[in-house]
Protein chains: 2
Amino acid sequence: MEKQTITIYDVAREANVSMATVSRVVNGNPNVKPITRKKVLEVIDRLDYRPNAVARGLASKKTTTVGVIIPDVSNIYFSSLARGIDDVATMYKYNIILTNSDGDSEKEVNVLNNLLAKQVDGVIFMGHHITDQLRAEFSRSRTPIVLAGSVDPDNQVGSVNIDYKGATREAVELLANNGHEKIAFVSGPLLDPINGKERLSGYKEALKDKGLKYSEGLIFESTFEYKQGVDLAERVLNSGATAALVVSDELAVGIANALQDNGLKIPDDFEIVTSNNSLLTEIVRPRLTSITQPLYDIGAVAMRLLTKLMNKEEIEEKVVILPHGINKRGSTK
Amino acid sequence: MEKQTITIYDVAREANVSMATVSRVVNGNPNVKPITRKKVLEVIDRLDYRPNAVARGLASKKTTTVGVIIPDVSNIYFSSLARGIDDVATMYKYNIILTNSDGDSEKEVNVLNNLLAKQVDGVIFMGHHITDQLRAEFSRSRTPIVLAGSVDPDNQVGSVNIDYKGATREAVELLANNGHEKIAFVSGPLLDPINGKERLSGYKEALKDKGLKYSEGLIFESTFEYKQGVDLAERVLNSGATAALVVSDELAVGIANALQDNGLKIPDDFEIVTSNNSLLTEIVRPRLTSITQPLYDIGAVAMRLLTKLMNKEEIEEKVVILPHGINKRGSTK
DNA sequence: AAGAAACGATAAAACGCTTGCAATATGTTA
DNA sequence: TAACATATTGCAAGCGTTTTATCGTTTCTT
């Protein structure tokens, strides 16, 4: 016995109306006499009819599904964004197809094409470095795309971020104001514009403002994992730095722990400011001072923006910058 | 100008073959003469044809998409599972529709129906408490379902877990062997079978084995967040307990931090064993001794099991139990 | 060299729904 | 009550694939 499905046709027959009328009822089209609507709804209920979204998608050319490309869901930074995205998506009756890319540009392209083949109504992209090929795919497709927590130097597509440059500047100034002259910049890959452009220039600006001199030796390039931080700690210390701005919480915790395990006192011997204000900053001791990014909101606003784009609504500004701040905790004086 | 799509028909016309032939080469059906295949592939490439997955889904009744119901992606425990799921899904050419339920049973039912409406080929469910209504929906649908990190007392559907009872017993025995007589059991909602049945009976068994007596006063019911742990610490201490088995890492860290902030030494004054072995256990000081669960693998294996189910393959055992262990760290002696 | 078998390709019927347009029913105005 | 406006419904053509039944060709067999 095969999976015997109830179709709109069955409902129409049972209710003595046409498929069109059933369709109207299902879609909340107001051009249906209340009594007819009631009759149809009863039959729908009785037969336990459930509209086939795939058929709907084919007929209407809308899938009420959006694709989400994310480097790694199991990373707290991205999963926070993802949660914001999904909540707003749900609010607007969309579902999310979530795919991990590991930040690998080849995978990103594949995944994007796969999502477009599935006829998603829109795409939210999170990634570090947007390659030319990817940008080409973006513009080739007529599907709306929004970047979340990722900057596109070209601003061709919509995006939601904070002012990374300004935030970094403020954080470094805080450190400088505390008397530090050698402040390390512990970054993710400098190839990512968000690090190599935005944050780095914020760092430089702060140094200049405070009359400190820039030194290559204080720049550390790394990936974002805890372990990297642990491994990096000694080198950072040997550079002569007495404070650091770190771009990832895991990384920052790694450095802080390694330093402390080596007998240093934080913040007395070394001060740290991190960048994501995730739960980690609250959990470790001392708690970490952090730039505050509204992660959940970045996701939520990005999705909201995407709904407008998908709806062809008028957009005031497709590049939105959310407010940031600095939450002072125990890792700075 | 409307989004002008290339269809299989365009390809067929350009290549002087029928739609059916194009379909065959796209689907790798061997019944096509190599020369014809080559010709078709050239046209596909030239026109940049991309098969419409929605139309395929309608015609073939397969969407190569699976639904994933998760309480909260931004929780490290679940996002680890999710990552395992997605990796294996990708391996088998499936995509994932990810939806957050907050563990709310009403939402779970809605979401499930929504996913089924979208004609997903299978569902992976993560949740705490499986209500009767949900179980009814499970059995009503002919779509394969697998539980990941969630136990169903009925074992009606497939599931992947560890032996929570055994793991908890071992953990409590460890504490008892260290001389503790009053060991707290800090649990999530006892309504969840995983807590109220599995873990709790593991706890009781351990007490019995060690000749300790069970006391209601040592059982704490809570949710899983860090803040709950902080708030709970004092009560746990007042209960007279000198050690605790905690079912969630966030919760455990909350308790550990609150205790230490109150001047207690861990493990000297209080010992803790937690349950998820997430990054948190490694990050905090002292590091937390934990039951080890292969989170990523639970997700991965669940998805692998689901592929077999979707493929109607012979299943040796649809309830799989993965190995666990205990990783001793600084929160126990 | 005729017939069987194997192969390659086609035509057309689904798949389950939306939607523009036509048809019918109902209501209103004078 | 005729004539016209408006509210409800039905018809049927897609939407872009897959897939089955069918047919025309080749290739063997003997």
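Source: prediction; values computed, not measured.
Closest to the B:Tyr49 side chain, of the nucleotides D:dT17, C:dT10, D:dA12, is D:dT17. Among the nucleotides D:dT18, C:dG8, C:dC15, the one closest to any side-chain atom of B:Ser60 is D:dT18. The A:Pro51 side chain lies nearest to C:dC17 when the options are C:dT10, C:dG20, C:dC17. Counting only heavy atoms from C-beta on, B:Ile8 has its side chain closest to D:dT18 among D:dC11, C:dG16, D:dT18. Taking the side chain of A:Leu58 as heavy atoms from C-beta on, and the options D:dC15, C:dA11, D:dC11, the nearest nucleotide is D:dC15. The nucleotide whose nearest atom lies closest to any side-chain atom of A:Ala59 is, among C:dC15, C:dT18, D:dT9, C:dT18. Listed candidates were C:dG8, D:dT8, D:dT17. Nearest to the side chain of B:Thr36 is C:dG8. The nucleotide whose nearest atom lies closest to any side-chain atom of A:Ala55 is, among C:dG20, C:dA9, C:dC17, C:dC17.
Atom OH of A:Tyr9 and atom P of D:dA13 are 16 Å apart (whole Å). Atom NZ in A:Lys38 sits about 15 Å away from atom P in D:dT9, given to the nearest Å. Here the C1' atom of nucleotide D:dA12 and the CE atom of A:Met19 are 9 Å apart, to the nearest Å.
Here A:Ser23 reaches the OP1 or OP2 of C:dT18: one of its side-chain N or O atoms lies under 4.0 Å away. Contact between the side-chain N/O atoms of A:Lys61 and the OP1/OP2 oxygens of C:dT19 is not found at any separation under 4.0 Å.
If you check distances only, the side chain of B:Arg24 does reach the base of C:dT10 with a donor-acceptor pair under 3.5 Å.
When heavy atoms are screened at a 4.0 angstrom cut-off, B:Val32 is found touching the sugar-phosphate backbone but no base atom. In this structure, B:Asn52 reaches the sugar-phosphate backbone alone: every heavy-atom distance under 4.0 Å involves primed, P, OP1 or OP2 atoms, never a base. Here A:Thr7 lies in heavy-atom contact (under 4.0 Å) with sugar-phosphate atoms only. Residue A:Val17 is classed as a sugar-phosphate contact, given heavy-atom separations below 4.0 Å to backbone atoms only. Nucleic acid contact for B:Asn29: none, since no nucleic acid atom lies under 4.0 Å from a heavy atom of the residue.
With 3.5 Å as the limit, one finds a donor-acceptor pair spanning the side chains of B:Asn114 and A:Asn95. A donor-acceptor contact closer than 3.5 angstrom is absent between the side chains of B:Arg24 and B:Asn31. Between the side chains of A:Thr64 and B:Lys118, at least one donor N or O lies within less than 3.5 Å of an accepting N or O.
A residue-by-residue look at A:Ile35 and B:Thr21 shows that A:Ile35 has its nearest nucleotide of DNA chain D further toward the 5' end. Two residues, B:Lys33 and A:Asn27, neighbour DNA chain C, and the one matched to the more 5' nucleotide by heavy-atom proximity is B:Lys33.
For the atom pair B:Thr223 OG1 and B:His128 NE2, the distance stands at 9.5 Å (nearest 0.5 Å). Rounded to the nearest 0.5 Å, atoms OG1 (A:Thr65) and CD1 (A:Ile96) are 10.0 Å apart.
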